[in-house]
*Asks:* 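Would you mind keeping the following structure in view while I ask a few things?
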There are 2 protein chains.
Amino acid sequence: MARRPAAGTRIPSIKDVAAAAQVSVGTVSNVLNRPELVSPATRDRVERTMADLGFVRNESARQLRAGTSRTLAYVMLDASNPFFTDVARGIEEAADELDLSLFLCNSNSRASRESSHLARLQQQRVQGILITPVDAESEGLAEIARRGTPVVVVDRTRRDADLCSVSVDDRRGGRLAVEHLIELGHRRIAFVGGPLSIGQVRDRIDGARAAWRAANRPADALVHVPTDALTVADGTAAGARLLAQSSRRRPTAVFCANDLVALGVLRAALQAGLRVPDDVAIVGYDDIDFAAAAAIPLTSVRQPRVELGRTAARLVIDEATNVAHEHQQVVFEPDLVTRASTLGVR
Amino acid sequence: MARRPAAGTRIPSIKDVAAAAQVSVGTVSNVLNRPELVSPATRDRVERTMADLGFVRNESARQLRAGTSRTLAYVMLDASNPFFTDVARGIEEAADELDLSLFLCNSNSRASRESSHLARLQQQRVQGILITPVDAESEGLAEIARRGTPVVVVDRTRRDADLCSVSVDDRRGGRLAVEHLIELGHRRIAFVGGPLSIGQVRDRIDGARAAWRAANRPADALVHVPTDALTVADGTAAGARLLAQSSRRRPTAVFCANDLVALGVLRAALQAGLRVPDDVAIVGYDDIDFAAAAAIPLTSVRQPRVELGRTAARLVIDEATNVAHEHQQVVFEPDLVTRASTLGVR
DNA sequence: AGGCGCCGTTGAAACTTTTCAAGTGAGGCC
DNA sequence: GGCCTCACTTGAAAAGTTTCAACGGCGCCT
């Protein structure tokens, strides 16, 4: 087979290829980048030599010369939440179309991890950064954009329009969920989720309260049960606490800040021997695949996750390449997907 | 506040900083890399200038000089399977300790996406590649290692020891699951999962059959119900088909190739009005968080996911930095976590 | 006073690729 | 034969950082 460098040997550079193929480095570079300029005979010889030597282009050198990389990055809030992996899939699709690589980073909801990722991405001179930030109003994000790396906020709206953002109307989503419960005749409901430092949680409960008020229901008939995080475990714990109350005090419906929490509450309800939705109805948020697949399929507020990612990627690329770029705040509309957890078997 | 380059201006380089701070580029570099060599006064001045100008180190140039990057990459088989995001978390932890970044890529079980990711990672001169490959025996992986980028196979064992690999004994896991079912007295069981091109699936069913044989149960009392992929949807479909049979023919227990499939089967069982585990017991594989959180908590074969990732990361770093490195095949032992889906409420 | 060593700083080389102006040589035309 | 054109190839410069040998002062010792 082909000759190959012995283990431990330096990876051959364009120079080595040039020497072996008896041409200049310029020609080798042309074979790589503008093959039509090179005579077929030379091209063949160079290509064979590259294969022979096991040549691999050095992206750093390219990038140094070009001044920019062919990479996008998405800093996710929580890689173990399927919602964000779906958003990532949308970004990936858009990146693929333009032959850009995608760097996925996970901040795990921690500001310190987030900022170390951001520092690294700037140093790598990525074409653009997509981020679902711990704090959407952070001045640091604008600072990065000012220094030349486009930044798009995903799944949050930024108050002042100094950055692009793509989000879903969470207030509306909260309203949709609660209007559905009102229509079904529920008179005592709970909102489970937290912490309130997460903007998404704030907006969803705001929307829920607005709908509740609009239907003239007393404010204290909508209780907020806070959780430390939006996880299944926290949902289970909060659900168990909430549903342990006597049936006269217990809410007849629970609206959860996301599907992970809702799955936890569902589990707590079934463990407590309650029937869903007869004893307690449950509404989730995000409509992740597990929601439809739950033991009792969850009614949930659907967000266009993949679309969210795809749009964000397009915006960041526009900002990186189009001089006439103007910042946009794209807001998608959520919709309600009704399933057995509120409707029962039909 | 600080002076900053106008929008659209080139990011300042070390040279610009040197000029502004009235020192040589060497000194600026020293401030960055060996600050103890620089007098406090100069260091201060340079640091202030860097902040003023908004200097951001150019990683490409660094890398070009150094010949290698401070980055690890993990090519995952399926980013939407929580098992792999947990493995990724383990890798991340190990990478963090060494101040390496982690590049997450998703092959989505497609060989073409996998190889384009691999090509890109080589060009980026990553320190090492961790991969859960579509095909663990692929010659391409060894080729990459031969060209100088360490490769570690995650969650698969490689037959010939030309690469490091970290995996869990899937055959053993299959045996554990079926031994548990035999102990509970089940005499007709099913294995749900596919395709068989996935090594993990092959090994798990092999282990299951071995345990079944060892207990002298007839081979045809363990049926294999194949699926196209290891997803909740495929599990639901296969489960519905399987459990629609008359109670005399229907298996009394189902062992699934992973938890996603098991959650699907569980859903199908509940929808068919069957009681779990009284009418049908279910065993999953992976013990992802959703397994414990399911409506009927799933008995599952636990794998040390985070540990898997952490070990793989350590191996790849050892290979990258230690000249005396020797390839290893690390095999972890799975264990069975029993829950309500086989035991009922206790 | 002359020599030595030390501290802090300097300037140039190197890493690999891309780009581009300039060069070579063959072939055609007058 | 001399000149032009065309196709192809060349060599050097440039990108930003790190490293390292060398240098200039300064204080100390003899």
Side-chain angles (χ1 to χ4, degrees), chain A residues 5 9-47 49-50 53-70 120 122-126 147-149, chain B residues 5 9-47 49-50 53-71 120 122-127 147-149:
Chain A
T9 305
R10 192 175 50 80
I11 294 180
S13 77
I14 226 178
K15 234 188 223 160
D16 302 315
V17 175
Q22 317 230 53
V23 293
S24 72
V25 288
T27 300
V28 179
S29 177
N30 281 338
V31 169
L32 289 166
N33 302 297
R34 287 118 92 213
E36 72 281 2
L37 292 186
V38 183
S39 74
T42 315
R43 203 186 328 164
D44 266 22
R45 185 153 40 92
V46 172
E47 276 167 354
T49 312
M50 293 199 292
L53 259 43
F55 169 76
V56 181
R57 239 182 170 133
N58 184 327
E59 183 62 28
S60 307
R62 273 190 104 180
Q63 216 168 283
L64 175 59
R65 186 79 231 280
T68 177
S69 70
R70 310 263 327 141
R120 252 188 305 231
Q122 284 181 270
Q123 295 183 4
Q124 311 223 6
R125 300 287 191 273
V126 293
R147 288 199 183 147
T149 308
Chain B
T9 304
R10 191 175 51 78
I11 296 180
S13 77
I14 226 179
K15 236 187 220 159
D16 302 316
V17 174
Q22 318 228 54
V23 293
S24 72
V25 287
T27 301
V28 179
S29 176
N30 282 338
V31 169
L32 288 165
N33 302 297
R34 288 117 92 214
E36 72 281 2
L37 293 186
V38 183
S39 73
T42 314
R43 204 185 330 164
D44 266 22
R45 186 155 38 95
V46 172
E47 276 166 355
T49 313
M50 293 199 292
L53 261 43
F55 169 76
V56 180
R57 237 182 173 133
N58 184 326
E59 183 64 25
S60 308
R62 260 192 120 177
Q63 222 170 278
L64 175 58
R65 184 76 231 277
T68 177
S69 71
R70 310 265 324 141
T71 309
R120 256 196 294 237
Q122 283 181 272
Q123 295 184 4
Q124 312 223 4
R125 300 288 191 272
V126 293
Q127 282 240 323
R147 288 200 183 145
T149 308

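Lettering of chains follows the sequences in order, A, B, ..., and the numbering in each one begins at 1.
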*Asks:* Going from CG on N58(A) to CD on Q63(B), what distance comes out if it is rounded to the nearest 0.5 angstrom?
*Replies:* 7.5 Å

*Asks:* Would you call N33(A) and R62(A) a side-chain contact if the rule is heavy atoms closer than 4.5 Å?
*Replies:* yes

*Asks:* State, to 0.1 Å, how close V46(B) and V23(B) come at their nearest heavy-atom pair, and which atoms those are.
*Replies:* CG2-CG2, 4.0 Å

*Asks:* Mind checking whether Q122(A) and I11(B) have side chains closer than 4.5 Å, heavy atoms only?
*Replies:* no

*Asks:* Give S39(A) one of three labels, base, sugar-phosphate or nothing, depending on what nucleic acid heavy atoms sit under 4.0 Å from its own.
*Replies:* sugar-phosphate

*Asks:* What are the atom names and distances for every N/O pair under 3.5 Å that joins the protein to nucleotides 15-18 of chain D?
*Replies:*
| residue | atom | partner | partner atom | Å |
| --- | --- | --- | --- | --- |
| dG16(D) | N2 | A61(B) | O | 3.4 |
| dT17(D) | OP1 | N58(B) | N | 3.2 |
| dT17(D) | OP2 | I14(B) | N | 2.4 |
| dT18(D) | OP1 | N33(B) | OD1 | 3.3 |
| dT18(D) | OP1 | N33(B) | ND2 | 3.4 |
| dT18(D) | OP1 | R57(B) | NH2 | 3.4 |
| dT18(D) | OP1 | R62(B) | NE | 3.0 |
| dT18(D) | OP2 | S29(B) | OG | 3.3 |
| dT18(D) | OP2 | N33(B) | ND2 | 3.0 |
| dT18(D) | O2 | R65(B) | NH1 | 2.2 |

*Asks:* Taking the side chain as C-beta and beyond, is there a heavy-atom pair between V38(B) and R45(B) under 4.5 Å?
*Replies:* no

*Asks:* Report yes if some heavy atom in the side chain of S24(B) is under 4.5 Å from a heavy atom in the side chain of T27(B); otherwise report no.
*Replies:* yes

*Asks:* State, yes or no, whether a side-chain contact exists between V31(A) and V17(A) at a heavy-atom distance under 4.5 Å.
*Replies:* no

*Asks:* Could you check whether any side-chain heavy atom of V56(A) comes within less than 4.5 Å of a side-chain heavy atom of T149(B), counting everything from C-beta outward?
*Replies:* no

*Asks:* Walking along DNA chain C from 5' to 3', note the first and the last nucleotide with an atom under 4.0 Å from a heavy atom of chain A, and give both.
*Replies:* dT16(C) to dT19(C)

